[in-house]
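Everything on this sheet refers to the single structure shown next.
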Amino acid sequence: MMVGIDLGTTHSLVGSMQSGFPILIADARGERLTPSAVYFPKSGEPVVGREALTLALGDPERVVTSVKRQMGMRGKIAVGGRTWTPEEISSRILKKLKSDAEQSLGGPVGRAVITVPAYFNDAQRAATKRAGELAGLSVERILSEPTAAALAYGMDRLDEKSKVAVYDLGGGTFDVSILLLSAGIFEVLATNGDTRLGGDDLDVALAREWDVPLRTAEKIKCALSETSEFAHEGRSYSRSALEAICRPIIARTRKNCIRSLADARVDASELDAVILVGGATRMPLVRGFVAEVFGREPDASQHPDEAVALGATIQAGILAGEVQNMTLLDVTPLSLGMETYGGLMNVLIPRNTTIPCKAGEMFTNAVHNQSGMRITVLQGEREMARDNWKLGEFEVPFAPLPKGRARVGVQFELDANGLLNVLARDTATGTDTVVKIESAVEVSDEAVEKMLGDSLERAFEDMDERIFTEASLKADEMLPAVASALEQLADEVSEDEQSALASLVGKVRAAQAAKSPPQLKAALSALDEATQPLATRLIEKALGGRQ
């Protein structure tokens, strides 16, 4: 059997399709929400869920919560007398959900769809897949959370055509996606977010400001979502005071919303609905903020804690053939490419490309007698390779050949889970090198935000550097070629011609030294035009020598 799982920062859920409907499964306590907490006792197996939180009251050092925020990172978590990877701890949560489903369904569960924040990178998605495998599950699909929520929203609207935004503010992560729903096709147009921003951050800010424990801060936050005043342990708290503390944190999501609309080329006025997902969207502050940003009242028809799990369950049903007439088209959140000669970023798959997808390009050797090519796989939005994140690298060997003679085809394949496979083929021998990128690059959400911000703020600066680098590479090829041509035609080039060419060569070198893109392009263009007669004479001379 196949299930859908929402592996959340604070709570997780599991569901299955039953008689054509997505049904969320309750545990032995009758609860559908399982706290994403793992307690490590002094002896025996780790305890997961509500019981883990209860045990942690007496020994808080032995419980791990919010492990989702550490997925894809190289660091380990020391607890219970040993170290654990984030995947190992997450697998414990998944094992409990798997067990609960098997108890309810009366049979083995071996396959699953697991959701992740839309802005999870390749490393975080791969880590989530590994966690599922450690739990004994075949992970059939890694599904973006806002996309899952849109599936839940759109299941009863298959005959409608609409553009919707999904604003998903959970316990530890935030996502916003723009989708087009049409005749059962759910197409993601753009996605943006912050995988380190959520309700947990509000709790921390409130606890710090009011000098109360985190659990108390959360309790007060939830209470003030229902009433404007709340008393606890002799102190009075107001919604207005809470909103003054939380507003700057919620305001951080504005730029993600605006950027997502811009990437989708959709104006807020064109949206038919703005769907709220995630427990933090119960707060009146959040609902008011969303209405302000999008210019319309948000749609709160979806259960904020359950919509993602319902969508994951629907996707499981689609893959299992239990749900008909629904197709999901997701996108990749960041561009993927490789480093080329001169330190340039060569994008093969731009961000917001619909997945699954493939893209390829042919490359050649840049140096005479080069006997191999290093493929450096990059992720990011900047023009220069050094400013992007390296996901991995490998060597493709080939026979030494003159410059420009080797041919290596490189293909990127991004699967439906957003996981990358790279194939490099030496066309002379047909030899393939296939690498599955399981990056352990540690990229914080602040770094992702900075990456996108810098790509916009430094767009002209970056493009100037790219233009200069490309022109400089051309100059490095052209100047020796001109010198060689003059040497071969020494008796046929007048002093005036030599003087004019020397002047143009000097301008190219001066522009290179000055690092001026427009000057270098202009100088190269002038030199290229002036050397056309030389090229013609060289060809005539070569042809004459063959006769």
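Given the structure is predicted, the values throughout are model-derived calculations rather than measurements.
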Between Asn346 and Glu339, a side-chain donor and acceptor under 3.5 Å: no
Neighbour count >12 (heavy atoms, 6.0 Å) for atom CZ, Arg382: yes
Contact check, side chains of Val308 and Val277, non-hydrogen atoms, under 4.5 Å: yes
Sub-4.5 Å side-chain heavy-atom contact between Thr340 and Met345: no
Distance-only side-chain donor-acceptor flag, Thr216 / Glu218, under 3.5 Å: no
CZ on Phe21 to CG on Leu310, rounded to 0.5 Å: 12.5 Å
Atom CD of Glu395: over 12 foreign heavy atoms under 6.0 Å: yes
Side chains of Leu378 and Trp389 in contact at under 4.5 Å (non-hydrogen atoms): no
Side-chain H-bond candidate by donor/acceptor type, Gln315 with Thr313, under 3.5 Å: no
Salt bridge (Lys or Arg N to Asp or Glu O under 4.0 Å) between Glu226 and Lys219, worked out: CA-CA 11 Å; Glu226 305 296 330; Lys219 181 178 180 179; over 6 Å; no
Which atom of Val410 lies closest to which atom of Ile375, heavy atoms considered: CG2-CD1, 3.8 Å
Mutual orientation of the aromatic rings belonging to Tyr167 and Phe294 [parallel < 30°, tilted 30-60°, perpendicular > 60°]: perpendicular
Close side-chain approach of Phe120 and Thr128, heavy atoms under 4.5 Å: yes
Spatial distance of atom CG (Asp272) from atom CG (Leu180) [nearest 0.5 Å]: 9.5 Å
Check against side chain to side chain contact (heavy atoms under 4.5 Å, CB included), Lys221 and Leu206: CA-CA 8 Å; Lys221 179 187 72 176; Leu206 293 170; 3.9 Å; yes
Side-chain (Thr332) to main-chain (Leu334) donor-acceptor, under 3.5 angstrom: yes
Under 3.5 Å: donor-acceptor pair, side chain of Ser91, backbone of Glu88: yes
Interatomic spacing from CG in Asp100 to CD in Glu31 - rounded to 0.5 Å: 10.5 Å
Side chain proximity check, Val408 to Arg425, heavy atoms < 4.5 angstrom: no
Val274 vs Val290 side-chain heavy atoms within contact, under 4.5 Å: yes
Evaluation steps, side chain to side chain contact (heavy atoms under 4.5 Å, CB included), between Val176 and Asp168: CA-CA 6 Å; Val176 57; Asp168 181 358; over 6 Å; no
CZ (Arg374) with more than 12 external heavy atoms under 6.0 Å: yes
Glu51 atom CD, over 12 foreign heavy atoms within 6.0 Å: no
Any donor-acceptor pair under 3.5 Å from Arg125 side chain to Asn417 backbone: yes
Residues Asp200 and Ser66: side-chain donor-acceptor under 3.5 angstrom: yes
Any donor-acceptor N or O pair under 3.5 Å, side chains Thr34, Ser12: no
Validation row: Lys163, Leu179 side chains within 4.5 angstrom (heavy atoms): no
Beyond-backbone contact of Val377 with Met338, side-chain heavy atoms, under 4.5 angstrom: no
Donor + acceptor pair across side chains of Tyr39, Thr54 (<3.5 Å): no
From CG (Asp27) to CG (Leu97), nearest 0.5 Å: 9.0 Å
Value rounded to 0.5 Å, distance of CD1 in Ile93 from CD1 in Ile89: 8.0 Å
